[in-house]
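Report on one structure; see the data block that follows.
Atoms within each ligand, like the ligands themselves, are counted from 1 in listed order. Only this structure's heavy atoms are used, side chains among them; waters, hydrogens and symmetry mates stay out.
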Amino acid sequence: MTTVLNSLRNRFLLSLCTVLCLALLALVLIARYQIMPILLEDEEAFASAELDRAERALGSELNHMRRLVEDWAYWDDTYDFVSGVKPEYIDSNLYEDTLVTLDLQLMFFLDNSYEPYWVVGFDEEGEFTSCPGLEPPCDWAAPSVQFLRERIDGGLEETTHTWLLSLPQLAMGALSPIYQNREESPPAGWLAMIRPLSEPWIEQLRDTTGIDLALGTVVASSIPSEQLERVSPTHMAASRSVAAVPASRAVRIDALLPRQRYQASLETFRFALYWTGGVLIVTLLLVLWLLERMVLLPLRQFTHYTQGLHQEALPPPMPSRLVTRRDEIGTLAREFRNLLKHQQQQSEQLLELTLHDPLTGVANRRLFDDRFAEVLRRPGQHRTAAMMIDIDHFKLYNDHYGHQAGDACLITLAQCMEHQLSKHGFLVARTGGEEFSVLLPNTSLETALIHAQELLQAVNGLALPHEYSPTAPNVTVSIGVAMQRTDVTTPSDIMRAADQAMYLAKSGGRNRVEAYHTDKQLSPVDR
Ligand SMILES: Nc1nc2c(ncn2[C@@H]2O[C@H](COP(=O)(O)OP(=O)(O)OP(=O)(O)O)[C@@H](O)[C@H]2O)c(=O)[nH]1
């Protein structure tokens, strides 16, 4: 797990996935607690509006009943008939077809004392009956007539009334006082009409409203006035109780409503959710791709370059595609390159310090020994010469002119040696306090002696005054020269031989060159 998280790409991917999941979770929560309640509320409003429409349709039917009953009740013929002066009214108006046309089950007239004057209607078997009262065959109508009479007796206002009736069959009732048009007079009685809310009539109501509804009667207080139940993902059952007569009963409108608004909203929301999810995923992939191209790839190139630094002795040049970048990675690459260059210069300086004499600037013993061994290791190398140079009476020079002047003298002599010998590819090194050594690869003893003589003259030519030297008025050197040979093979052997030759020069009066000759035996011990 830790290894996986070490990758910048994996960490970024993990972070983005977490953000994505959180965003999707937020969307789901918003959908659950914000959008769904709104959709359900909207659905409830829709159901309520549909029930309102169904109720208005019932109200409109009651209005129609009101107009119908008033048409008949305010007709002078009806007035005359109830007043007993127009008995032919029965034959000319109250026949079976009239009720069928008006879609009525029962129609009755009451006189001024609320006694049934005439009753026409269809009994339970659908037989048409027409009687002057409630005697058989019209006795079937007695409960309805009695029911409305009681309402009039109860002090009903002398105007038109309509009701939804629960008798217990479902019906619409209309009641109106009978007036005459000719002149103003008190009512002659009451006319009542009852229309059954039968299945064909309800079917017609369904057609006109477009609502799949059913009507029934219930006890008034048995259920809440309005209910909504989602019976399936596509339909919901809404019901509402509407006040009816008698007050203990109510008419219940049951409507099976489609949930297409909810479904459409849900579908739209799902569509938006999928798109949002899709856009988020595409964004994630795009960000990853950009990260790969803009950050990870150059970082990998940079890492590859830095790893290569360990394997190469000389640092390879930084890839130009990194240093030419204008972004932060380009800046980092350029800074790294500068740092590397700086470090390289410091290393070179450090190397210079470890391999050169700080006072004179010529090679030190370490470099001299390394180079000597390296020269002797070269295949076919048999002609290597060496010089040992020692300043004559340098203690006296120091004592007389001071240590600082001694240092200056050492520097001058070293420069002179460099000048004389370096141009031939020889290495001059300060190998002791006032002692110098010279490595002369591919050089014969004769040539080495010539170079030594030239050097001796060059030092004399400097004419550095040395008042207290017992051997010369100026600074001089003694030079011993030795050559690689069969019994003198190692650098220390050759230098020991040169040293012996140099001592020979010293003992011979100084300011001279001596060679270590082949007939001499190399001293077994160092000086
Ligand atoms: N100024 C200075 N003197 C040094 C340095 N290193 C060594 N010396 C001096 O070099 C002198 C070497 O003296 P000696 O070894 O006695 O030899 P010499 O006086 O040159 O006599 P011969 O070699 O016999 O001719 C000493 O006095 C050292 O102090 C240095 O770096 N600077």
Side-chain angles (χ1 to χ4, degrees), residues 349-350 352-372 385-422 426-439 448-449 451-482 492 494-517 520 522-523 525-527:
Q349 280 173 9
L350 211 61
E352 175 79 10
L353 284 175
T354 56
L355 296 178
H356 289 80
D357 173 43
L359 179 68
T360 60
V362 297
N364 62 11
R365 176 175 285 282
R366 189 173 164 198
L367 179 58
F368 184 81
D369 289 347
D370 288 352
R371 191 68 61 81
F372 209 153
M387 289 182 201
M388 181 72 87
I389 306 162
D390 192 279
I391 305 170
D392 299 329
H393 301 300
F394 195 56
K395 182 175 181 322
L396 292 174
Y397 188 91
N398 258 341
D399 292 348
H400 182 63
Y401 296 105
H403 198 80
Q404 228 172 335
D407 282 354
C409 178
L410 282 169
I411 293 167
T412 309
L413 288 179
Q415 284 170 350
C416 176
M417 288 175 214
E418 279 272 290
H419 179 72
Q420 282 295 122
L421 301 169
S422 295
F426 305 146
L427 177 71
V428 178
R430 187 180 173 207
T431 48
E434 58 5 320
E435 183 185 277
F436 294 86
S437 302
V438 182
L439 174 65
L449 285 169
H451 286 302
Q453 278 300 340
E454 284 172 359
L455 178 64
L456 198 74
Q457 282 163 19
V459 171
N460 277 311
L462 290 173
L464 296 171
H466 192 347
E467 286 178 40
Y468 286 81
S469 169
T471 52
N474 58 293
V475 175
T476 58
V477 292
S478 296
I479 305 174
V481 181
S492 62
I494 300 169
M495 289 317 294
R496 213 160 64 240
D499 196 38
Q500 282 183 22
M502 192 268 289
Y503 268 90
L504 200 63
K506 287 271 184 194
S507 56
R510 293 182 175 79
N511 192 21
R512 67 187 61 231
V513 176
E514 285 296 338
Y516 179 78
H517 292 290
K520 286 200 173 135
L522 184 62
S523 152
V525 252
D526 278 327
R527 174 160 66 114

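The side chain to side chain contact (heavy atoms under 4.5 Å, CB included) check on Ala505 picks up Ser478, Arg512, Glu514, with sequence neighbours excluded.
Counting heavy atoms from C-beta on, the side chains of Met495 and Met388 come closer than 4.5 Å. Side-chain contact between Leu504 and Gln500 is absent, with no heavy atoms from C-beta onward closer than 4.5 Å. Leu455 is not listed as a side-chain neighbour of Val513, based on a closest heavy-atom distance of 4.5 Å or more.
If you number the atoms of ligand 1 from 1 as listed, the ones under 4.0 Å from a heavy atom of His403 come out as 1 (N), 2 (C), 3 (N), 32 (N). Remark: ligand 1 atoms within the under-4.0 Å shell around heavy atoms of Asp390 are 23 (O). Numbered from 1 in the order shown, with element, the atoms of ligand 1 that lie under 4.0 Å from a heavy atom of Gly406 read 1 (N). Proximity to Asp392 (heavy-atom distance under 4.0 Å) selects the following atoms of ligand 1: 25 (O). Residue Gly433 has at least one heavy-atom neighbour below 4.0 Å for each of these atoms of ligand 1: 6 (N), 7 (C). Interface of Ile391 with ligand 1, defined as ligand atoms under 4.0 Å from a residue heavy atom, comprises 20 (O), 23 (O), 25 (O). Listed by number with element, the atoms of ligand 1 under 4.0 angstrom from any heavy atom of Leu410 are 30 (C), 31 (O), 32 (N). Close approach to Glu434 involves these atoms of ligand 1, each under 4.0 Å from a residue heavy atom: 10 (O), 12 (C), 17 (O), 20 (O), 23 (O).
In this structure, atom 9 (C) of ligand 1 lies nearest to the protein heavy atom Asn398 ND2, 3.2 Å. Ranking the protein heavy atoms by distance from atom 5 (C) of ligand 1 puts Arg430 NH2, 4.0 Å first. Nearest protein neighbour of atom 25 (O) of ligand 1, counting heavy atoms only, is His393 N, 2.8 Å.
Side-chain polar atoms of Asn511 and Asp392 form no donor-acceptor pair below 3.5 angstrom.
Checked against a 3.5 angstrom limit, the closest N/O atoms of Phe394 and ligand 1 fall inside it.
Residue-level proximity to ligand 1 for Glu435 is absent, since no heavy atom of it falls below 4.0 angstrom. If you look at Gln404 next to ligand 1, there are no close heavy atoms at all, none under 4.0 Å. At a heavy-atom distance under 4.0 Å, atoms from both the backbone and the side chain of Asp407 approach ligand 1.
At least one donor-acceptor pair under 3.5 Å links the side chain of Asn364 to the backbone N or O of Thr354.
Across the listed options Lys506, Met502, Lys395, Arg510, Lys506 owns the non-hydrogen atom lying nearest to atom 23 (O) of ligand 1.
Across Leu439, Leu427, Leu367, a single residue satisfies side-chain contact (heavy atoms from CB on, under 4.5 Å) together with Phe372, and that is Leu439.
Taking CG from Leu396 and OH from Tyr401, the interatomic distance works out to 10.5 Å, rounded to the nearest 0.5 Å.
What you find for Val362 and Val428 is that their closest heavy atoms are CB-O, 3.7 Å.
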Between Val475 and Tyr397, is a side-chain contact (heavy atoms from CB on, under 4.5 Å) present by the stated rule, with each step listed? CA-CA 8 Å; Val475 175; Tyr397 188 91; 3.6 Å; yes
